[in-house]
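Here's the structure, in structure tokens; my notes come after.
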Amino acid sequence: MEIFCHHVYEYWKGLRNLILHTAPISEKGQIEHKLSHHGIPYVIHPIGNGRINVFFGHPDCIAVVSRFGTTDLSKLTDEQDFILGIMLGYDRMKQCARYLKKRPDREELIG
């Protein structure tokens, strides 16, 4: 819960617009209580092995994550993977390189 609380702090300080936190399902109640108490939008996805992915942050970011149509991150399209990485604050240039590596056919369009 210590890392989760730090993620909440980062959100409140404006350091991140969207956070992905993976936790044991046994912490789900505590997590939901804290996010609800602070009025932070969130969505929780079970990922198996007694674990959950908790996305929380700006309402628009949560709406985008909710519209992906899957809770399995390995099933995201290349475009969805790119969008999620950008929303989570990953390095933009590394996300671009990752996308182009996954979709080499796209390089022809810009080369």
Side-chain angles (χ1 to χ4, degrees):
M1 286 296 292
E2 185 176 330
I3 293 172
F4 171 74
C5 290
H6 183 74
H7 285 151
V8 171
Y9 171 82
E10 287 182 342
Y11 174 69
W12 276 116
K13 288 296 184 180
L15 298 174
R16 297 205 230 176
N17 293 315
L18 179 68
I19 291 95
L20 166 57
H21 179 77
T22 302
I25 199 162
S26 60
E27 294 178 0
K28 183 180 178 193
Q30 292 173 288
I31 289 170
E32 287 180 310
H33 175 75
K34 186 162 187 88
L35 294 173
S36 295
H37 176 75
H38 290 292
I40 301 172
Y42 67 92
V43 63
I44 296 178
H45 297 152
I47 57 172
N49 292 331
R51 301 182 64 74
I52 54 174
N53 275 341
V54 182
F55 291 93
F56 65 94
H58 191 279
D60 291 343
C61 294
I62 298 303
V64 170
V65 169
S66 296
R67 291 182 185 168
F68 282 161
T70 183
T71 60
D72 184 346
L73 298 181
S74 70
K75 294 195 183 329
L76 294 178
T77 67
D78 295 332
E79 289 78 10
Q80 290 169 330
D81 179 78
F82 177 82
I83 291 167
L84 181 59
I86 295 296
M87 288 192 312
L88 288 170
Y90 298 168
D91 180 277
R92 286 186 202 121
M93 298 315 299
K94 288 181 181 176
Q95 282 300 107
C96 289
R98 176 182 161 95
Y99 177 77
L100 291 173
K101 185 176 179 183
K102 289 178 145 202
R103 298 293 302 263
D105 60 309
R106 300 287 180 157
E107 291 182 77
E108 297 170 11
L109 298 175
I110 60 173

Inset, instruction - Would you name the heavy atoms of P41 and G39 that are closest together and state the gap between them? - result: CD-O, 3.5 Å

Inset, instruction - With rounding to the nearest 0.5 Å, note down the distance linking NZ in K101 to SG in C96. - result: 15.0 Å

Legend entry - Side chain proximity check, I86 to Y99, heavy atoms < 4.5 angstrom: no

Legend entry - side-chain hydrogen bond (donor to acceptor under 3.5 Å, both in side chains) partners of H21, counting only residues at least two apart: H7

Throw together a table of side-chain donor-acceptor distances under 3.5 angstrom for residues 57-71, partners on residues two or more places apart or in other chains.
{"unit_1": "H58", "atom_1": "ND1", "unit_2": "D60", "atom_2": "N", "d": "3.0"}
{"unit_1": "S66", "atom_1": "OG", "unit_2": "I62", "atom_2": "O", "d": "2.9"}
{"unit_1": "T70", "atom_1": "OG1", "unit_2": "D72", "atom_2": "N", "d": "3.1"}

Inset, instruction - Output every pair passing salt bridge (charged side-chain N to carboxylate O under 4.0 Å, His left out) with a member in residues 6-20, not counting sequence neighbours, ordered by first then second residue. - result: E10-R16

Inset, instruction - Any chance you could pull the hydrophobic cluster mates of Y9, using side-chain heavy atoms under 4.5 angstrom and chaining through other members? - result: none

Legend entry - Over 12 non-hydrogen atoms of neighbours within 6.0 angstrom of NZ in K102: yes

Legend entry - Residues clustered with Y42, ILVMFWY side-chain links under 4.5 angstrom: M1, F4, V8, Y11, W12, I19, I25, I31, L35, I40, I44, I52, V54, F56

Legend entry - Derivation and outcome, side chain to side chain contact (heavy atoms under 4.5 Å, CB included), residues L18 and L84: CA-CA 9 Å; L18 179 68; L84 181 59; 3.9 Å; yes

Inset, instruction - Would you list the pairs meeting salt bridge (charged side-chain N to carboxylate O under 4.0 Å, His left out) in which at least one residue belongs to residues 20-36, sequence neighbours left out? - result: none

Inset, instruction - Kindly write out the residues that satisfy salt bridge (charged side-chain N to carboxylate O under 4.0 Å, His left out) with R98, not counting sequence neighbours, or none if the list is empty. - result: D81

Legend entry - side-chain hydrogen bond (donor to acceptor under 3.5 Å, both in side chains) contacts in which one or both residues fall within residues 86-95, not counting sequence neighbours: none

Legend entry - ILVMFWY network linking V43 to L73, side-chain heavy atoms under 4.5 angstrom: yes

Inset, instruction - Under 4.5 Å between side-chain heavy atoms, chaining through other members, with only Ile, Leu, Val, Met, Phe, Trp and Tyr counted: pull out the rest of the cluster around I3, sorted by chain and number. - result: none

